[in-house]
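Right, one structure below, let's go through it.
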Amino acid sequence: MNRKEMLSILSENGLTRFQKDVLMETLSIPKGKTATYKEIAAKVGKPGAYRAVGTALKKNPLPIVIPCHRVIKTNGELGNYSGGGTKRKKELLKSEHAIL
DNA sequence: TTCCTGACGCTCG
DNA sequence: GCGAGCGCCAGGA
């Protein structure tokens with residue numbers, strides 16, 4: 001799936017531009033790596049909107065292609081995850097060797 | 001338009 | 001080092 005298709009799907013799901021930016025940044029996180037809510041917010045040009053980032057990730061229409069589980073809290077905690085809870089999030093990260 | 005809520009962060013005690 | 005409170009920004013009703 002290419003970037004154009006992604007954006008198209010995101011638009012069809014009624015996501016705002018900000019939310020799409022957040023999801024696209026999340027998509028750019030390499031396998032085995034993690035990013036914090038704050039980093040994602042900074043990348044979309046709004047360092048203070050880390051809270052809105054969580055809202056955007058929650059709306060993620062493609063949890064399979066968009067690795068929202070790679071976005072964690074600044075203090076190292078995993079944070080929440082709509083695709084199956086923090087437990088599921090942890091399992092996913094472990095399978096990618098993103099965490100121990 | 002205004003108010004409330006949320007997958008969070010930072011400071012202060 | 002830890003917990004409580006306040007602040008932050010975007011979206012939805």
Side-chain angles (χ1 to χ4, degrees):
Chain A
M1 184 175 292
N2 61 40
R3 184 187 174 92
K4 194 174 180 180
E5 286 179 304
M6 288 287 316
L7 288 170
S8 176
I9 292 174
L10 295 180
S11 297
E12 288 174 12
N13 276 273
L15 298 190
T16 66
R17 187 172 168 287
F18 173 77
Q19 293 171 331
K20 283 187 288 187
D21 282 346
V22 170
L23 294 177
M24 292 310 286
E25 284 301 332
T26 304
L27 194 61
S28 72
I29 302 173
K31 183 179 179 180
K33 290 279 188 175
T34 57
T36 64
Y37 289 98
K38 197 175 181 180
E39 287 173 346
I40 298 295
K43 283 197 172 188
V44 297
K46 299 181 183 300
Y50 40 75
R51 196 159 187 177
V53 170
T55 307
L57 293 177
K58 189 168 62 173
K59 282 196 166 190
N60 179 7
L62 299 167
I64 309 299
V65 278
I66 300 176
C68 48
H69 58 276
R70 288 184 195 149
V71 185
I72 62 176
K73 295 211 235 177
T74 308
N75 62 10
E77 304 268 320
L78 294 185
N80 223 317
Y81 180 55
S82 64
T86 42
K87 192 174 179 181
R88 177 65 178 156
K89 185 172 184 174
K90 190 175 181 179
E91 291 300 318
L92 288 169
L93 289 173
K94 281 176 70 175
S95 69
E96 293 184 354
H97 303 287
I99 60 174
L100 295 177

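Chain identifiers are assigned alphabetically (A, B, ...) following the order of the sequence lines, protein sequences preceding nucleic acid strands; residue numbering begins at 1 within each chain.
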**OP:** Summarise protein proximity over nucleotides 1-6 of chain C in one line of letters, 5' to 3': B for base, S for sugar-phosphate only, - for none, counting protein heavy atoms closer than 4.0 Å.
**Re:** ------
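Residue-to-nucleotide proximity on DNA chain C shows that, of A:Arg51 and A:Thr55, the 5′-proximal contact is made by A:Arg51.
Identified under the salt bridge (charged side-chain N to carboxylate O under 4.0 Å, His left out) test for residues 30-49 of chain A, with sequence neighbours left out: none. Screening residues 71-91 of chain A for salt bridge (charged side-chain N to carboxylate O under 4.0 Å, His left out) gives no qualifying pairs among residues at least two apart or on separate chains.
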Extract all donor-acceptor atom pairs below 3.5 Å that involve side chains of residues 16-29 of chain A and protein atoms in other chains or at least two apart in sequence.
| residue | atom | partner | partner atom | Å |
| --- | --- | --- | --- | --- |
| A:Thr16 | OG1 | A:Gln19 | N | 3.3 |
| A:Thr16 | OG1 | A:Gln19 | OE1 | 3.4 |
| A:Arg17 | NH1 | A:Asp21 | OD2 | 3.3 |
| A:Gln19 | OE1 | A:Thr16 | N | 2.9 |
| A:Lys20 | NZ | A:Ser11 | OG | 3.0 |
| A:Thr26 | OG1 | A:Val22 | O | 2.8 |
| A:Ser28 | OG | A:Glu25 | O | 2.6 |

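In this structure, A:Ala41 and A:Ala49 approach most closely via the heavy-atom pair CB-C, 3.9 Å.
Looking at residues 67-94 of chain A, you'll see that no heavy atom sits under 4.0 Å from any atom of DNA chain C. Of the residues in residues 19-46 of chain A, A:Tyr37, A:Lys38 come within less than 4.0 Å of DNA chain B through at least one heavy atom, sorted by number.
Judged as a side chain to side chain contact (heavy atoms under 4.5 Å, CB included), and not counting sequence neighbours, the contacts of A:Ser8 are A:Glu12. For A:Arg51, there are no salt bridge (charged side-chain N to carboxylate O under 4.0 Å, His left out) partners, not counting sequence neighbours.
Contact of the A:Val71 side chain with the A:Tyr37 side chain is registered, since non-hydrogen atoms from C-beta on lie closer than 4.5 Å.
One atom, NZ of A:Lys58, and another, C1' of C:dA10, lie 12 Å apart when rounded to the nearest Å.
The hydrophobic cluster containing A:Ile40 also contains A:Leu15, counting ILVMFWY residues as joined when their side-chain heavy atoms lie under 4.5 angstrom apart, directly or transitively. Linking ILVMFWY side-chain heavy atoms closer than 4.5 Å, directly or via other members, places A:Leu7 and A:Met1 in a single hydrophobic cluster. Note: the hydrophobic cluster containing A:Val53 also contains A:Leu10 (ILVMFWY, side chain heavy atoms under 4.5 Å, direct or indirect links).
Annotation: the span from A:Ile99 atom CD1 to A:Lys94 atom NZ amounts to 7.0 Å, rounded to 0.5 Å.
Residues A:Tyr81 make up the rest of the hydrophobic cluster containing A:Leu92, defined by ILVMFWY side-chain heavy atoms closer than 4.5 Å, directly or through other members.
For DNA chain B, the contact window with chain A, defined by any atom under 4.0 Å from a protein heavy atom, covers B:dG6 to B:dC10 in 5' to 3' order.
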**OP:** Check the pair A:Thr36 / A:Tyr50 against side-chain contact (heavy atoms from CB on, under 4.5 Å), numbers first and verdict last.
**Re:** CA-CA 9 Å; A:Thr36 64; A:Tyr50 40 75; over 6 Å; no
